[in-house]
**Student:** 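Sharing a structure here in structure tokens format.
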Amino acid sequence: MTRSFPKAQVVVYPGSNCDRDALWALKYVGFDAEFIGIHDHIDADLVILPGGFSYGDYLRVGAVAAREPIASEIKDFVNRGGLVIGICNGFQILIEMRLLSGALLQNSTGKFICKVVELEVSDITTPFTNYFIKGERILLPIAHGFGRYVKTDELKTNVVFRYTEDVNGSDEFIAGVSNNDKNVIGLMPHPERSIERLICSDDGLRVFLSAFNYIKLKKTQEDQKANAKVGV
Amino acid sequence: MPKYQFVIDIQYKSNVRDPRGEMIKRVLNDEYRIPASNLRLGKSIHLEIDAESMEEALKLVDKACEKLLVNTVTETYEVRKI
């Protein structure tokens, strides 16, 4: 951790989409950001698994992507306390990797849903939501066929975002969850698609701002600690 | 090395809702007046395994299911020889 500037990497799988939007959003809030492939190494403070249809999602959504060489890199990164955001297909990949609990199944309507939805921010203590107010209602776009979140482990489910109405049949209207340590978050809505008020909304911007802010504060604290030690 | 052929039948667990199955059941019931119920749409995977014995082949099929083919959180599977 000698880097002074927050750095982010976006993992691009065959079939990913919105990876460029994610890179744009990261650079927009100040991250030093780059793309990485499935055989690359993680060297960042934040890793984003973008949306899309990795490997065509033929077997199960996210199933193949979750077993690529980069998956073990991501697991190590998470164990070291690194921040990971999975958006849409990225959320499905994190679930297949068992880094998040639950399951994502076909929407109860049986249809692909593409629209802007209202969400409630349920947890503002994660590194990705500290720019929000608890219970705040925000607008983000969704675009998925398999976004029905099913709870499988009551204890491990930490809900971060909820739809304000039934959108796809998810348990308790769950739209996004984090792990217990709160350094991994997965959500079906696309924050990277809503960083300009001109298109949709700019509520998604604050997810990236939150992460940037969190990493910056952590770095400052680490620097202060290091300096204090040198001073002694 | 001999080849062994298998069919793996993958189904959602009974407590997991299956919207595709529900839709197919509805069409059978309403359009064709066929009194179908408990309709579940799963997957079946046919494959051949090179192994020294049937026992070893079955072990490998199980490994394939646990590692990749089946999400044991939401799905169950059954292996049949052919």
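Every chain is numbered from 1 and lettered A, B, ... according to where its sequence line falls, protein lines coming before strand lines.
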**Student:** Side chain, backbone, both or neither: which part of B/Ile10 has an atom under 4.5 Å from a heavy atom of chain A?
**Tutor:**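 It is neither, since no heavy atom gets under 4.5 Å.
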
**Student:** Side chain, backbone, both or neither: which part of A/Leu59 has an atom under 4.5 Å from a heavy atom of chain B?
**Tutor:** both

**Student:** For B/Glu56, does the CD atom sit with more than 12 other heavy atoms under 6.0 Å from it, leaving out its own atoms?
**Tutor:**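 It does: B/Glu56 CD has more than 12 such atoms within range.
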
**Student:** So between chain B and chain A, what donor-acceptor pairs come in under 3.5 Å?
**Tutor:**
from    : atom 1 : to       : atom 2 : distance (Å)
B/Arg17 : O      : A/Arg148 : NH2    : 2.9
B/Lys43 : NZ     : A/Leu59  : O      : 2.7
B/Lys67 : O      : A/Arg67  : NE     : 2.5
B/Lys67 : O      : A/Arg67  : NH2    : 3.1
B/Leu68 : O      : A/Arg60  : NH1    : 3.1
B/Leu68 : O      : A/Arg60  : NH2    : 2.9
B/Leu69 : O      : A/Arg60  : NH1    : 2.8
B/Asn71 : OD1    : A/Arg98  : NH2    : 3.2

